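Step one of this worksheet: look at the structure below.
FYI, side chains are in, hydrogens and waters are out, and symmetry mates aren't considered; it's all heavy atoms of this structure. These numbers were taken from a predicted model, which means no experiment stands behind them. Every number for a ligand or one of its atoms is a count from 1 in the order of the listing.
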Amino acid sequence: MGWKGLSSLLILSLMIIAKKPDFLSKYLSSKREFGTSINLVPTMGALHEGHLTLIRKAREDSGLVVCSIFVNPTQFNDPKDFQKYPKTIEKDIDLLEEADTDLLFLPEAADIYPNGVSNLETYDLGDLEKIFEGEFRPGHFQGVCQVMRRILDLVKPDELFMGQKDYQQCMVIKKLIQIMNAPIHFVAVPTVRESDGLAMSSRNLRLDKDGRKNAVAISQSLNYIKKNIKPGDLTSIRRQAKELLEEKDLKVDYVELADANNLKIVKSWDGEQKLVALIAAFQGEVRLIDNAVIG
Ligand code: AMP
């Protein structure tokens, strides 16, 4: 077959943008009827290489790749953080098309919360809600569960791809899937970093030049813990890691070491238990989180 014959066979694969839940549900159930599986990557937009790595991971499996972009008001405990959350939707659409995404779900708040936000369901997340992000951002994980419940109900994915960068969030969503008793396979994708080690985050866009330089202390501090941790009492390694952050003018919410499986704080380490080191700190007004698994 010559080039002419070939070109008549080429089909342009265009990304569908679904704004309305009805259209989304109908479109996806028509695909499901033909046995197509659905791989979901939920995001809040301002996409970067971390998000695109999730999309590529979802693309590796057969099936439809669906990405959602929705900046969920109910998960922001700080209204200023919500207002200032970066929005780059045109660029996001280009990036998703380049990454061969099949469908972008781009709802408005009224599509996600048709009855408003004042009487939303709450979820029993146990201790997960009282520690780390749960403690410093009251209500945050309820908001995360409320939006994820709605999106999962609409998309009904077979596989859900989320980033280990938000370690505690991964655990919360696994718990939500259990509560929903939904047949969703959860895939946690390792954190993607800038060349100097800073974990990629949409919030990095809000850092000024000096703030961006200082923020690298977060991953440096995690690396310090990884290199220097020894069995026994963990108080001094935590203190040293905190000092590394404070030397760079970061205001620390927490530097903590916890059991990687259940996030219970570990004060003294036997050298065997799998740990996760977790950091949350402010660079100016911008709150950043990161973590590293140890062992
Ligand atoms: P967000 O848009 O910040 O809500 O993030 C959407 C998804 O991308 C979440 O599952 C995040 O954990 C994940 N994600 C964000 N940053 C990174 C990163 N640097 N590496 C890997 N995954 C990430």
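- Using modelled atom types, one finds no donor on one side chain facing an acceptor on the other under 3.5 Å when comparing Tyr85 with Asn72.
- A salt bridge links Arg212 to Asp196: one of the charged nitrogens lies within less than 4.0 Å of a carboxylate oxygen.
- Cluster partners of Leu205 are absent, since no Ile, Leu, Val, Met, Phe, Trp or Tyr has side-chain heavy atoms less than 4.5 Å from it.
- Around ligand 1, the residues contributing at least one heavy atom under 4.0 Å from the ligand are Pro42, Thr43, Met44, His48, Gly50, His51, Leu54, Tyr85, Met162, Gly163, Lys165, Asp166, Pro190, Thr191, Val192, Met200.
- The side-chain hydrogen bond (donor to acceptor under 3.5 Å, both in side chains) check on Glu246 picks up Lys242, with sequence neighbours excluded.
- Between Val147 and the choices Leu120, Leu152, Ile112, Val71, the side-chain contact (heavy atoms from CB on, under 4.5 Å) rule is met once, by Ile112.
- Applying the ring pair (Phe, Tyr, Trp, His ring centres under 6.0 Å) rule to pairs touching residues 139-190 yields nothing, sequence neighbours excluded.
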